[in-house]
Amino acid sequence: MQKSELKTPYFMIDESKLIHNLEIAKQLKDISGVKLVLALKCFSTWGVFDIIKPYLDGTTSSGPYEVRLGHETFGGETHAYSVGYSEDDVKAVADICDKMIFNSQSQLAAYRHLVEGKVSLGLRLNPGVSYAGQDLANPARQFSRLGVQADHLDSSVFESIDGVMFHMNCENKDVDAFIRLLESISTQFGTYLDQLDWVSLGGGVFFTWPGYDVKKLGMALKAFAEKHNVHLYLEPGEAIITRTTDLVVSVVDIVENEMKTAIVDSATEAHRLDTLIYNEPASVYESSQNGEHEYVIGSCSCLAGDQFCIAKFDQPLEIGQKLHLMDSAGYTMVKLNWFNGLRMPSVYCERSNGEVQKLNEFDYTDFKRSLSQWSVQ
Ligand SMILES: Cc1ncc(COP(=O)(O)O)c(C=O)c1O
């Protein structure tokens with residue numbers, strides 16, 4: 001398959017970039033002894049799990065279908081977590097997960113009888129401290145429902161659980177800030193942790209970011225595990241797939257209203273949702289910081305403010321030209337939707353040997369099926 005012949009829009013996952021991140025993950029494991037479970041909420045494109053599996057220990061989840069997907073397609077350890085389980089959810093995952101992590105003491109009390117003896121039991125704690133750029137993604141935000149706060153804990157709960165999970169980081173590139181959070185956890189919950197088998201420190205630690213001090217992180221994790229005599233887990237999502245994947249689009253029109261807008265055959269609202277939710281503009285591979293030709297890279301959805309970014313180019317853009325929106329793997333393919341009936345991006349993987357393999361493609365029947373399967377009689 002020749003890349004130049006592929007029809008846009010599509011995602012292209014680059015195997016060698018993925019392996020680069022995975023090698024760093026391996027280093028971290030070797031230094032610290034921590035286990036790493038992939039957060040499927042961030043990236044669930046199971047067509048490339050054969051590349052990831054040799055490096056990580058399993059998966060973690062946020063809902064029942066992710067548990068099943070992790071169990072079926074990744075294997076290793078399957079962690080089941082949900083902010084709110086129904087009884088049916090608990091029954092559906094009880095036989096296919098290794099660890100079951102409840103978000104509250106009430107859920108733990110309601111459902112423990114369904115899983116006790118089958119899984120290792122855990123509870124999410126909320127340390128009340130965090131590192132997150134935006135309030136929307138801050139687990140320690142006011143009135144947070146994510147995990148049990150120290151002052152709400154019934155300390156007897158630790159006699160009948162095996163582990164706890166904290167998730168308090170979002171794209172944290174600052175190892176010292178992470179270490180301060182570790183210290184805070186140790187101070188607040190240390191005597192409880194000493195009674196447990198395992199502690200998961202969640203995701204959001206950006207240890208694959210260029211220049212990140214992996215050794216310092218590894219040593220801090222090792223010291224924490226030794227201090228409390230627990231097995232440690234991290235739940236990386238973004239760190240594993242960061243900078244591995246382009247969303248490739250084509251310019252379909254150029255319009256002008258004070259600024260030039262290049263309209264492309266994709267939309268943030270449908271295909272790169274976090275651009276919109278977190279107001280984080282995309283980066284375009286073909287752009288040039290000092291280019292003379294500036295464009296809004298606009299989406300083809302009907303939403304007035306739907307744009308990928310503003311970018312400068314050395315040459316004027318042309319209709320039909322392909323643009324590569326970089327770093328488009330995390331929280332994208334898991335959030336694709338059919339808004340406006342747009343063409344859904346296909347998914348490809350460029351293997352390390354240059355071969356391009358198709359992982360997914362969609363057509364009109366997928367759109368139609370997503371809306372109704374039966375009409376009223
Ligand atoms: C409980 C939990 N674990 C892991 C993650 C993965 O985080 P990231 O993709 O930032 O590493 C998240 C993200 O929201 C999470 O809520």
Side-chain angles (χ1 to χ4, degrees), residues 18 21-22 24-25 28-29 34-45 52 55-64 66-67 69-70 74 77-85 93 97 99-104 107 122-141 144-148 163-175 177-178 181 185 198-209 212 214 217 221 232-245 272-274 277-278 280 327-335:
L18 183 57
N21 289 344
L22 290 165
I24 298 174
L28 176 63
K29 287 178 57 170
V34 73
K35 285 189 176 177
L36 300 179
V37 285
L38 178 68
L40 294 180
K41 73 181 73 188
C42 173
F43 183 79
S44 291
T45 307
I52 303 177
Y55 292 89
L56 303 188
D57 298 283
T59 56
T60 188
S61 54
S62 322
E66 281 186 358
V67 181
L69 190 76
F74 202 105
E77 274 196 46
T78 305
H79 293 199
Y81 165 70
S82 172
V83 173
Y85 285 115
V93 302
C97 69
K99 291 188 172 46
M100 183 118 190
I101 303 166
F102 290 98
N103 185 59
S104 67
Q107 288 239 307
L123 180 66
R124 179 168 178 174
L125 302 182
N126 188 327
V129 285
S130 61
Y131 185 104
Q134 300 204 27
D135 193 50
L136 183 62
N138 182 0
R141 78 206 289 260
S144 176
R145 70 196 188 292
L146 305 175
V148 187
V164 290
M165 184 263 274
F166 300 90
H167 170 72
M168 63 238 158
N169 288 280
C170 185
E171 299 198 2
N172 186 350
K173 297 166 187 150
D174 179 346
V175 67
F178 179 75
L181 290 176
I185 287 178
W198 54 267
V199 172
S200 174
L201 295 165
V205 186
F206 226 155
F207 56 81
T208 49
W209 195 252
Y212 192 98
V214 176
L217 173 68
L221 291 171
L232 266 195
Y233 291 84
L234 286 180
E235 305 178 357
E238 194 67 53
I240 302 300
I241 46 70
T242 185
R243 290 168 303 124
T244 62
T245 300
R272 206 177 190 278
L273 195 56
D274 281 8
I277 297 182
Y278 294 105
E280 284 175 351
D327 204 4
S328 295
Y331 302 94
T332 55
M333 286 171 254
V334 291
K335 293 188 179 184

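Whatever order the structure lists them in is the order used to number ligands and atoms, beginning at 1.
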Please determine whether any non-hydrogen atom of F43 lies less than 4.0 Å from an atom of ligand 1.
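So F43 does not count as touching ligand 1.
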Among L18, N21, T59, T45, the one residue meeting side-chain contact (heavy atoms from CB on, under 4.5 Å) with I52
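Result: among L18, N21, T59, T45, L18 is the only option passing the side-chain contact (heavy atoms from CB on, under 4.5 Å) with I52.
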Can you list the steps and then say if S200 with E235 is a side chain to side chain donor-acceptor pair (under 3.5 Å)?
CA-CA 7 Å; S200 174; E235 305 178 357; 2.8 Å; yes
For atom 15 (C) of ligand 1, the option (of K41, R124, M168) bearing the nearest heavy atom
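The residue whose heavy atom sits nearest atom 15 (C) of ligand 1 is K41.
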Ring centroid separation for Y81 and H167, is it under 6.0 angstrom?
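Centroid distance Y81-H167: not below 6.0 Å, so no.
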For the aromatic rings, using the six-membered ring if either is Trp, is the centroid distance between Y85 and F102 under 6.0 Å?
yes
Students should be able to answer this: which protein heavy-atom is nearest to [atom], and at what distance?
atom                    : answer
atom 3 (N) of ligand 1  : E235 OE1, 2.6 Å
atom 9 (O) of ligand 1  : Y331 OH, 2.6 Å
atom 12 (C) of ligand 1 : H167 CE1, 3.3 Å

Taking 4.0 angstrom as the limit and counting only heavy atoms of [X], give me the atoms of ligand 1 inside it, by number and element.
X    : result
M165 : 1 (C)
G237 : 8 (P), 9 (O), 11 (O)
E238 : 8 (P), 9 (O), 11 (O)
G204 : 7 (O), 8 (P), 10 (O), 11 (O)

For R124 versus N103, what's the shortest heavy-atom pair and its separation?
CD-OD1, 3.7 Å
Minimum side-chain heavy-atom gap V34-L201 below 4.5 Å:
no
Do K99 and E77 sit within salt-bridge range, that is, some charged N less than 4.0 Å from a carboxylate O?
yes
